[in-house]
Amino acid sequence: MVKEGKKLVANNKRAYHDYFIDEKFECGIELFGTEVKSIRAGKCSIKESFVRIEKGEVFVFGMHVNPYEKGNIFNKDPLRAKKLLMHRSEINKLEGRIREKGLALVPLQVYFKGSLVKVEIGLARGKKLYDKRADIAQKDQRREVEREYKEKLR
């Protein structure tokens, strides 16, 4: 059996900047043929998107999939709400956790796993401004240490 790797299509770096990610979930996504072809070409963005649970189903809103060039009448609205495919037990678990104060669902990545399009969503807590500043300072410090280490090797 050959193990298929995952091919990253879209990444939400902003989510890691704005939120602490407590838990991650992998889920499928309900798409139409032209949307899959467009995603395969890398025409997908999840920067401004968010996830919501409505009537026991999980949807991603604001995920932009560019219309497929050769799709003509079969193209769908690029910003339509797309249903995420998860097990009922996972949805119930998420619904219970979201009721807690300050938790939200955010999409983190869109990727191909074999021939299937998958979305990784994260259960996230919002960061305060001082948390963001501390993260930036930590990254700067790490970068400075790496730079000094490279200079010593020369």
Side-chain angles (χ1 to χ4, degrees), residues 1-139 142:
M1 184 172 152
V2 179
K3 188 173 182 181
E4 302 265 345
K6 59 183 209 181
K7 179 187 169 214
L8 187 65
V9 177
N11 195 6
N12 192 356
K13 292 180 183 177
R14 192 84 189 151
Y16 291 100
H17 184 273
D18 291 339
Y19 300 99
F20 292 112
I21 308 299
D22 292 342
E23 208 170 337
K24 294 178 182 179
F25 297 90
E26 178 184 75
C27 45
I29 184 167
E30 186 179 72
L31 295 171
F32 292 94
T34 55
E35 290 175 323
V36 175
K37 289 179 180 184
S38 185
I39 289 175
R40 200 170 290 282
K43 310 278 189 188
C44 175
S45 172
I46 55 171
K47 286 182 180 163
E48 298 294 321
S49 59
F50 58 96
V51 178
R52 203 177 268 157
I53 299 176
E54 294 180 353
K55 299 177 186 171
E57 295 182 332
V58 185
F59 291 94
V60 63
F61 295 90
M63 178 178 162
H64 189 274
V65 178
N66 283 0
Y68 185 57
E69 295 167 3
K70 300 170 184 152
N72 57 38
I73 62 168
F74 299 108
N75 281 332
K76 301 292 179 189
D77 178 30
L79 289 174
R80 74 176 181 84
K82 294 158 188 68
K83 184 177 174 182
L84 297 179
L85 309 172
M86 297 180 76
H87 291 284
R88 172 66 49 209
S89 59
E90 288 179 320
I91 295 172
N92 292 340
K93 178 182 175 184
L94 284 176
E95 212 165 12
R97 297 278 308 271
I98 287 176
R99 288 193 184 118
E100 294 178 26
K101 184 183 174 196
L103 291 178
L105 283 173
V106 292
L108 303 174
Q109 294 179 342
V110 177
Y111 56 91
F112 278 96
K113 189 174 185 181
S115 63
L116 303 174
V117 179
K118 298 286 185 177
V119 178
E120 184 177 69
I121 60 174
L123 193 60
R125 284 180 293 120
K127 284 186 182 179
K128 304 279 188 231
L129 185 60
Y130 56 84
D131 291 328
K132 293 178 188 178
R133 286 183 183 150
D135 280 352
I136 291 170
Q138 194 175 23
K139 285 179 187 175
R142 192 178 320 120

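Please read these numbers as outputs of a predicted model, since none were measured by experiment.
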* To do: Run the salt-bridge test on Glu26 and Lys6 with the 4.0 Å N-O cut-off and return the result as yes or no.
  => no
* side chain to side chain contact (heavy atoms under 4.5 Å, CB included) partner of Ile29, chosen from Val36, Val58, Val60 -> Val60
If we only count heavy atoms from C-beta on, is the [X] to [Y] side-chain gap below 4.5 Å?
X: Lys82; Y: Val119; value: no
X: Glu35; Y: Met63; value: no
X: Tyr111; Y: Lys7; value: no
X: Glu90; Y: Lys93; value: no
X: Asp18; Y: Lys127; value: no

* Taking the side chain from Arg14 and the backbone from Glu48, do they hold a donor-acceptor pair closer than 3.5 Å? -> no
* To do: Could you tell me whether a side-chain N or O of Lys113 sits under 3.5 Å from a main-chain N or O of Lys118, the two making a donor and an acceptor?
  => no
* To do: Evaluate side-chain contact (heavy atoms from CB on, under 4.5 Å) for Arg40 paired with Val117, printing each intermediate quantity in order.
  => CA-CA 9 Å; Arg40 200 170 290 282; Val117 179; over 6 Å; no
* To do: Take Leu94 and Ile121 through the side-chain contact (heavy atoms from CB on, under 4.5 Å) test and state the conclusion after the steps.
  => CA-CA 11 Å; Leu94 284 176; Ile121 60 174; 4.2 Å; yes
* Which value, rounded to the nearest 0.5 Å, describes the distance between Lys43 atom NZ and Ile39 atom CD1? -> 12.5 Å
* To do: Under the side-chain contact (heavy atoms from CB on, under 4.5 Å) rule, what do Leu108 and Tyr16 come out as? Steps first, then yes or no, please.
  => CA-CA 8 Å; Leu108 303 174; Tyr16 291 100; 3.8 Å; yes
